[in-house]
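Working notes, structure below.
Computed from a predicted structure; not experimentally measured. Only this structure's heavy atoms are used, side chains among them; waters, hydrogens and symmetry mates stay out. We're numbering straight along the sequence, starting at 1.
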Amino acid sequence: MKMREADCGLSTRGLCQADRLEEYFRNRIDRLVPNARVNTWKIISSPMYRCLLTSKSISSSFDNKEVSVLPFLFESHGCYRYENDVCIAERGYTKNEIETLFPHFKCSDDMSEGWFHLPTRETHTEYLHRAERVVDWMWNLLLNRKEDDDTEGIILVSHGNLMNAIITSLIVGQAPILCTKGLVTHYNTGISHLKLFVEKNHPQQRFTTVQYLNRVNHLLPDTALLTGNDPFKDHWVQEFLVPAAESLET
């Protein structure tokens, strides 16, 4: 019988990783992104509970900066559990529940009934198409930025599978469903820094630079906190290579 919690929180080790992340952002952010006006950054989070807890730690390091919660940033497959080997989808936390648990968080208005609305777990193809919409949303944030908006950066708190699809798509310049020849993996709470450039008069002229990937300075030297980055044991290979190949054949 399969046992799975639909929207789990953080383990004891995960809470320790989040604490280390908070300390690092609070005291050493200048080493992470030199010359950045971090007070202008925005924090945007997945609605999944483990990401909300991690975002809370990051928010605390910025004196409880507001966190925007967007429903489409959840991890691949979504919010589901098994009961007697039957897959059962769950709605996830609602806007009211999240904003009550996390007073400095602001949820999208379309989360009044939760954030997951599929009848069963998300398929791999559905996940890749959603990742494409996330990438488009990121470019549109830049394209639609107003002249008086002084935001210099966004801290996007999401998940390993989704971040792989986003980053590979941005680097290769193709839709995520076509990016099947490599993986960008992350340790839990690993940090990557990308810069996006676009010409507003020619919006298809887009360019991405990778400053660094998967930094874990905040966890070292405690190697016991390095989790979630084994391509096979953590099911990265199984998750992406075989299903991606199947999705292209259908």
Side-chain angles (χ1 to χ4, degrees), residues 1-29 31-32 43-71 73-83 88 90-94 97-105 107 114-116 121 155-164 183-193 212-239:
M1 179 180 296
K2 297 180 179 179
M3 300 295 292
R4 184 184 191 279
E5 188 174 349
D7 191 7
C8 64
L10 293 174
S11 65
T12 301
R13 184 179 297 180
L15 291 170
C16 186
Q17 292 167 336
D19 288 343
R20 291 286 190 88
L21 191 64
E22 176 181 347
E23 179 185 0
Y24 192 77
F25 270 94
R26 187 184 301 278
N27 299 320
R28 303 178 185 177
I29 191 64
R31 303 181 191 180
L32 195 64
I43 306 172
I44 300 178
S45 176
S46 157
M48 300 193 87
Y49 190 48
R50 58 189 183 272
C51 256
L52 298 176
L53 292 170
T54 304
S55 296
K56 179 182 177 182
S57 294
I58 297 173
S59 171
S60 295
S61 71
F62 289 97
D63 297 322
N64 295 320
K65 178 186 283 288
E66 181 178 280
V67 175
S68 297
V69 182
L70 299 181
L73 296 176
F74 61 88
E75 181 59 302
S76 59
H77 305 319
C79 192
Y80 67 96
R81 59 183 172 84
Y82 284 99
E83 186 174 306
I88 300 173
E90 295 193 356
R91 61 176 184 163
Y93 283 99
T94 67
E97 289 169 337
I98 292 175
E99 293 179 354
T100 299
L101 287 169
F102 305 94
H104 298 287
F105 286 34
C107 296
W115 52 266
F116 191 67
R121 69 178 244 169
I155 300 174
L156 187 64
V157 188
S158 191
H159 309 269
N161 292 358
L162 183 60
M163 294 310 298
N164 166 72
L183 298 173
V184 177
T185 62
H186 283 83
Y187 287 105
N188 292 325
T189 70
I191 304 170
S192 293
H193 182 202
Y212 52 78
L213 296 172
N214 197 22
R215 278 195 182 176
V216 289
N217 305 55
H218 57 290
L219 301 179
L220 298 174
D222 190 350
T223 56
L225 293 178
L226 297 178
T227 61
N229 196 49
D230 188 302
F232 190 79
K233 289 182 180 179
D234 294 302
H235 299 281
W236 290 89
V237 173
Q238 300 93 318
E239 176 70 24

### Query
Ignoring hydrogens and geometry, is there a side-chain-to-backbone donor-acceptor pair from S59 to S55 under 3.5 Å?
no
### Query
Does a side-chain N-to-carboxylate-O contact under 4.0 Å join E97 and R91?
yes
### Message
Can you confirm whether L226 sits close enough to L220 that some side-chain heavy atom of one is under 4.5 Å from a side-chain heavy atom of the other?
### Response
yes
### Summary
Smallest heavy-atom separation, S192 atom then H186 atom, equals OG-NE2, 2.6 Å
### Criterion side chain to side chain contact (heavy atoms under 4.5 Å, CB included) on I98 and Y49, from CA distance to verdict
CA-CA 9 Å; I98 292 175; Y49 190 48; over 6 Å; no
#### Entry: Verdict with reasoning, V157 to I44, per side chain to side chain contact (heavy atoms under 4.5 Å, CB included)
CA-CA 6 Å; V157 188; I44 300 178; over 6 Å; no
### Query
Rounded to the nearest 0.5 Å, what separation is found between the SG atom of C8 and the CG atom of L53?
9.5 Å
## Note on the structure
Rounding to 0.5 Å, atoms CG (L213) and OG1 (T185) come to a distance of 9.0 Å
## Note on the structure
Interatomic distance, CG@L219 vs OG1@T189, rounded to 0.5 Å, equals 4.0 Å
### Query
Hey, does H159 have a side-chain heavy atom less than 4.5 Å from the side chain of S46?
yes
### Query
How many angstroms lie between CG in N214 and NE2 in H193, if you round to the nearest 0.5 Å?
15.0 Å
### Query
Would R81 and E90 pass as an ion pair if we require N to O under 4.0 Å?
yes
### Query
Can you name the nearest heavy-atom pair linking F116 to H77, along with the distance?
CZ-O, 3.7 Å
### Message
With a 4.5 Å cut-off on side-chain heavy atoms, are R215 and Y24 touching?
### Response
no
### Euclidean distance, L21 CG relative to S57 OG, rounded to 0.5 Å
7.0 Å
### Task
Indicate yes or no: at least one non-hydrogen side-chain atom of F74 is less than 4.5 angstrom from one of D7.
no
### E22 to S60 - nearest heavy-atom pair and separation
OE2-CB, 3.4 Å
### Task
May I ask you to test the L52-S45 pair for a side-chain heavy-atom distance under 4.5 Å?
yes
### Query
Going from CD on Q17 to CG on L10, what distance comes out if it is rounded to the nearest 0.5 angstrom?
8.0 Å
Return all side-chain donor-acceptor pairs below 3.5 angstrom for residues 62-71, not counting sequence neighbours, or 'none' if the list is empty.
from, atom 1, to, atom 2, distance (Å)
K65, NZ, N39, O, 3.1
K65, NZ, W41, O, 3.1

### Message
Parallel, tilted or perpendicular: which one describes the rings of F105 and F102, with boundaries at 30° and 60°?
### Response
parallel
### Task
Run the salt-bridge test on D222 and R20 with the 4.0 Å N-O cut-off and return the result as yes or no.
yes
### Message
Using only atom types and a distance under 3.5 Å, with no angle test, would you say the side chain of E75 pairs donor to acceptor with the backbone of S158?
### Response
no
### Distance flag, aromatic centroids of Y93 and W115, threshold under 6.0 Å
no
